[in-house]
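Below, read A as the first sequence line, B as the second, and so on, with proteins coming before strands; counting in each chain starts at 1.
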Amino acid sequence: MTLIAENVSMAFGGLVALDDVTLTVPDRAIIGLIGPNGAGKTTLFNCLTGLYAPTSGRVLLDGRPLEADPAEAARHGVARTFQNIRLFSGMSALENVLVGRHTRIKQGLMSALFHGPAFRRSEAEAVERARAELAFVGLDPAGDTPARSLSYGDQRRLEIARALAGDPAVLMLDEPTAGMNGSETTAIRTLIGAIRDRGITVVVIEHDTKFIFSLCDHVHVLVRGRMLVSGPPEAVRTDPRVIEAYLGTTECSK
Amino acid sequence: MTLDRPPVRHRKPAAPELPGPAAVLLRLRAPAAAVLVLAGALLPWASVVLPGGAYPDLATLQFFDAPHLVTGFRLHLVLLGLAAALLPRARKPAAIGVIAIALVHMAFLTGLGALSIGGPVTLAAGALLLWAARAEPPRPRMELKTPPPAVAWLVLLVAFAALLWLVSATLTAGGQSRATNPYGGAEFLAFLGFGLAVAGVLSAYGVLAWISAMSERHRIFSIAVLLGCALMLPFTQAGTGYWMTVASSIGVYAATAIGLNIVVGLAGLLDLGYVAFLGIGAFTAANLAHAVPFPVAALAGAVTAGVFGVVVGSPTLRVRGDYLAIVTLAFGEIFFRAAQNDIGGLTGGANSIPGIPPINVLGLAFNEPVGGLPGGSRYYMISVLMVAGAMAVLANLRRSRTGRAWLAIREDEDVARAMGVRTGRAKIVAFLVGATLAGLAGAVFAHKLGTVGYESFDFSESVTLLAAVVLGGMGTVPGAVVGASLLFVLPEKLREFSDYRLMLFGLALILIMRFRPQGLVSSS
């Protein structure tokens, strides 16, 4: 499954957040999206996951235009996490993951009312899968802790488990290692590799350039709403325009 | 790194060790207070002879004529005093119970100009006990092991039988009306204080958690026993026509509150006009009552209310939070005014719809007494079954894809959408299910009362239902029933206080929200 942003522009009133951005997310790869604060990375994420309707341009999923509806994007296999963790904090960890599985559970209202055999089978399957996802990201498979009382790092992991439970083809991670220490970051890197090995394309926003360059197959650099550079990590890292965007220029270097 | 640590309660540091006699005095506070409670219970409380009531002689100086008769609130005080003396963890709840009992009686007796020394002594003892209990270091939570099934079943049987006794005793506490017992309201409130204290003691020793763990493990058994106990109520001292009528009204409101609990508690959609659905069900059944048998009328009431639920639910696709509350408020008011003005000749307007026949199944009219049971018992039974059904609906939906979607919408609607939940549809289903339950309750309501008028469905009823849900515990299965029972029993029992009734009612709500904001039955 390929996800393509085609000449996407997004303006909020007079503020142009994205300006004619084109991005292709190929199958089974890890894509990095970097850029200074306010470059439009999260806005691009929101366009790709149906939260925003682009002002112009379009988002294509396997060649079909994507509706501006996050529920439809999720149904078609685009899952995401959020920059500032947004769990269902009053629900247990397991219930959070089960909500992530929502689109793949088949239960009618009547069967939910009476809890018949078909219902119990589908519920047992869903719970088993949810526990497997909890174990996959390294959380307690019992999952009976309320989400709000998990530690910060575990909350980030739970968000990933919740997104994975919906069988996504593309997983979009918005700053998965923000606020984490070195060893936690390494663990997340391993986790992202394992997600890719399951055949899921991962798109990562990060500020930690070392993390991005060592992990990704392709890196895109977004600066002030424009796609500045795209390419393999080695090429992007040494690109003078990227260095300029991140470090600025001095009079001497001109 | 943890973000959401449970808030640390800053206690005052323990008082520095005092030398000699002062330390001994401090340590003696609790036992002294317990003894003082016992003494207060046995002292005279009233300075003149009060008429009637459950303990006429004991309420006065004549008490000393018959000291062996320790009944009523004196018995409760003696029990609480003994608990405080023997069980260290029981001190705080016992203190609160003692203070409540003392305050209620003192206020009442002061009102009659008949206060004697018993009340002040007991109040002081309660305060001393509370002071002693608060100074003690916090203790670890008690956990009791789950016993083998046979023992568990026995314990559950005893627990539910005790619950049945408690419900019956609470209902009948203080008698039926001002005519039979002039200080019934005070007796009832004092009994409530005692009941809360006992619940607090049981909770402090982990008994409540133990019982709930057992009933969770033996679900089917406990549901059967609980249902059986509920159906036994007509056979207790509460089995009079009056209390059966009160109890079946509570059942009607409890079923409605469960419906509201789906909308507000699970899906988080604030509905301020919810009683309209009860009204739609009642008026539908009332109009059909002479034409079709009760089950058909009930079904029609439920379906009509459900349809209106969808109609009211549809604006929720566009409005959220406060704005939704205003839309539902407007809907409730439209219904009320429409019913008042007899729109379409369907509601009878100010004349209401009289002469609705009682439910009649197999030639047996439900209002007549049967066997040794008073009239109204069968309305009580039908409302128990209805509440049980509504609880099953809530419990089953809560643990399904639909229920989780509602909870997710309540927690964070945008993220729920991002997880693939079609939030619009889920919200309309919540309104549909909730309104259907209310409509069904409305049909029973109409037949039970025999008359349906628009005044039964005004805004204050919606607010009371909402208060029942919040008070009982949002989103919990027994919560709405507990809340509705309390909110519809209290006004009935507090009639003696006439003018102060609503004030006391509001005060009780404020106290509960201050000290137990998650509701009486909490989900975690």
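The two residues Ile30(A) and Val204(A) have their closest heavy-atom pair at CG2-CG2, 4.2 Å. Here the closest non-hydrogen pair linking Thr55(A) and Ala11(A) is OG1-N, 2.8 Å. When all heavy atoms of Ala161(A) and Glu133(A) are compared, the closest pair comes out as CB-O, 3.9 Å.
Contact of Thr49(A) with chain B is not made at all, since no heavy-atom distance falls under 4.5 Å. Heavy atoms of Arg399(B) lying under 4.5 Å from chain A belong to its backbone as well as its side chain. Using a 4.5 Å cut-off between heavy atoms, Phe82(A) contacts chain B through its side chain alone, with no backbone atom that close. Contact of Glu123(A) with chain B is made through the side chain alone, with heavy-atom distances under 4.5 Å. Within the 4.5 angstrom heavy-atom criterion, no atom of Ala73(A) approaches chain B.
Here CG of Leu227(B) is found 11.5 Å from OG of Ser222(B). Values are rounded to the nearest 0.5 Å.
Because its NZ or CZ atom is not both nearer than 6.0 Å to the ring centre of Phe119(A) and within 45° of the ring axis, Arg401(B) does not count as a cation-pi partner of that residue.
For the options Asn96(A), Asp154(A), Leu98(A), Asn181(A), heavy-atom pairs under 4.5 Å to chain B are most numerous at Leu98(A). Most heavy-atom pairs under 4.5 Å with chain B, from the set Gly108(A), Ala74(A), Ala112(A), Ser89(A): that is Ala112(A). Counting heavy-atom pairs closer than 4.5 Å to chain B, the top-ranked of the candidates Arg86(A), Gln107(A), Arg80(A) is Arg86(A). In terms of heavy-atom pairs under 4.5 angstrom with chain A, the leader among Thr402(B), Val393(B), Leu397(B), Leu394(B) is Leu397(B).
Atom CZ of Phe308(B) has 12 or fewer neighbouring heavy atoms from other residues, nucleotides or ligands inside a 6.0 Å radius.
Looking only at distances, a side-chain donor or acceptor of Asn261(B) sits under 3.5 Å from a matching main-chain atom of Thr476(B).
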